2 protein chains.
Amino acid sequence: MARASTTSDAFNAVAEPRRREILSYLAGIERPVGEIAEALGLEQPSVSKHLRVLKDVGLVRMRCQGRQKLYRTNAEAIRPLHAWAATFERYWQHQLTRVKARAEAMARQGSPQLDLSKSKEK
Amino acid sequence: MARASTTSDAFNAVAEPRRREILSYLAGIERPVGEIAEALGLEQPSVSKHLRVLKDVGLVRMRCQGRQKLYRTNAEAIRPLHAWAATFERYWQHQLTRVKARAEAMARQGSPQLDLSKSKEK
DNA sequence: TTGACATATTCCTATATGGGAATATACCGT
DNA sequence: ACGGTATATTCCCATATAGGAATATGTCAA
């Protein structure tokens, strides 16, 4: 089997650097294809193709205005990605957090004195 | 040109669902290949290959212990992904937050217009 | 209608993939 | 050294890509 399609989900769509650039560029604003191409220094057909992929997975929304089509990033579709990555947050947070985590771990299986196991998230 | 290599960066490595499963499984714990394979219902060679990719981009760390090799997720390597996704946070946060953000932006520059594009980072 | 502009699609190709099967490599205890 | 266990690598292949070039589709204006 080959690699999954770029249109199979947001993870695959976003793996391409140009597509990430496009998403960043279109965050909060609405732009026609030509302007995207110019702004990012890409060929128009290339941009159209990337936008197709992004649209297929819902990462961008499109609206027609006369002869041009306006695209904008649909941030909601990026949330799953963020959520997945956030899952690992507690494993990278710096010293303070990590020390606390360790203390918890020790408390759990070590000295029953310190019971921080109920400490809260966030 | 073809698609970028899966080992070119975390984004590409993480595009593969199995690899995400492996990363989740190895978050905070250290496990030998065989156990990963069994736990996730994958073939051993397949797991080895995925681990190779993950190791190449620094998403997992490996340690030898006798005849087995113990892998664990290196959460730090997931941070860039999280950071990139977080960039769009302000565009998906719900009404209240969004309104608040706008209010802040307005207050900062005293502009009567609602111009999100100019608001600053936190 | 015709022409000009804006975008999308098609065709081509080198390159990489992930899975399965088979095999190689490394390390252990005896 | 040997057999057995734990991982890694190789080979094969159907599939998908991204970019470039060329072309098709669509829309406006006169």
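Since we're looking at a predicted model, the values are computed, not measured. The analysis underlying the following values was restricted to heavy atoms, covering all of them including side chains, and did not include hydrogens, waters or symmetry mates. Per chain, numbering begins at 1; letters A, B, ... match sequence-line order.
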**Q** Which is it for Trp84(A) and His82(B) under the ring pair (Phe, Tyr, Trp, His ring centres under 6.0 Å) test, yes or no, and what are the steps along the way?
**A** CA-CA 8 Å; Trp84(A) 180 80; His82(B) 182 265; over 10 Å; no
**Q** Please give, in whole Å, the distance from dA6(C) C1' to Arg63(A) CZ?
**A** 15 Å
**Q** For side chain to side chain donor-acceptor pair (under 3.5 Å), just list the numbers for Arg79(B) and Asn74(B), CA-CA rounded to whole Å, side-chain angles, deciding distance to a tenth of an Å, and then say yes or no.
**A** CA-CA 10 Å; Arg79(B) 266 187 112 155; Asn74(B) 173 34; over 6 Å; no
**Q** dT27(D) P sits how many Å from Met62(A) CE, rounded?
**A** 11 Å
**Q** I want to check one thing: is the phosphate of dA8(D), taken as OP1 and OP2, less than 4.0 Å away from some side-chain N or O of Tyr71(B)?
**A** yes
**Q** Scan for side-chain hydrogen bond (donor to acceptor under 3.5 Å, both in side chains) pairs involving residues 29-39 of chain A, sequence neighbours excluded, and state none if there are none.
**A** Glu30(A)-Arg63(A)
**Q** Taking Asp56(B) for its side chain and Thr7(B) for its backbone only, find out whether a donor-acceptor pair lies under 3.5 Å.
**A** no
**Q** Drop me the distance from Arg61(A)'s CZ to Leu70(A)'s CG, to the nearest 0.5 angstrom.
**A** 14.5 Å
**Q** Can a side chain N or O of Arg52(A) be found less than 4.0 Å away from OP1 or OP2 on dT9(C)?
**A** yes
**Q** How long is the span from the NE2 atom in His50(B) to the CD atom in Glu43(B), to the nearest 0.5 Å?
**A** 11.0 Å
**Q** Measuring to OP1 and OP2 of dA8(C), would you say a side-chain N or O of Ser48(A) lies under 4.0 angstrom away?
**A** yes
**Q** To the nearest Å, how far apart are Leu51(B) CG and dT7(D) P?
**A** 10 Å
**Q** Without decimals, in angstroms, what is the distance between Ile36(B) CD1 and dA6(D) P?
**A** 14 Å
**Q** Quick test: give all pairs of protein nitrogen or oxygen and nucleotides 17-26 of chain C nitrogen or oxygen below 3.5 Å, distance rounded to 0.1 Å.
**A**
residue, atom, partner, partner atom, Å
dT17(C), OP1, Ser5(B), OG, 3.1
dT17(C), OP1, Thr6(B), N, 2.9
dT17(C), OP1, Thr6(B), OG1, 2.9
dG18(C), OP1, Arg19(B), NH1, 3.3
dG18(C), OP1, Arg19(B), NH2, 2.7
dG18(C), O4', Met1(A), O, 3.1
dG18(C), N2, Met1(A), N, 2.9
dG18(C), N2, Met1(A), O, 3.2
dG18(C), N3, Met1(A), N, 3.4
dG18(C), N3, Met1(A), O, 2.2
dG19(C), OP2, Ser46(B), OG, 3.2
dG19(C), OP2, His50(B), NE2, 2.9
dG19(C), N7, Lys49(B), NZ, 3.3
dG20(C), O6, Lys49(B), NZ, 2.8

**Q** Starting at CD1 of Ile22(A) and ending at C1' of dA18(D), how long is that distance when rounded to a whole Å?
**A** 12 Å
**Q** What is the separation between atom CD on Gln68(A) and atom C1' on dT27(D), rounded to the nearest whole Å?
**A** 11 Å
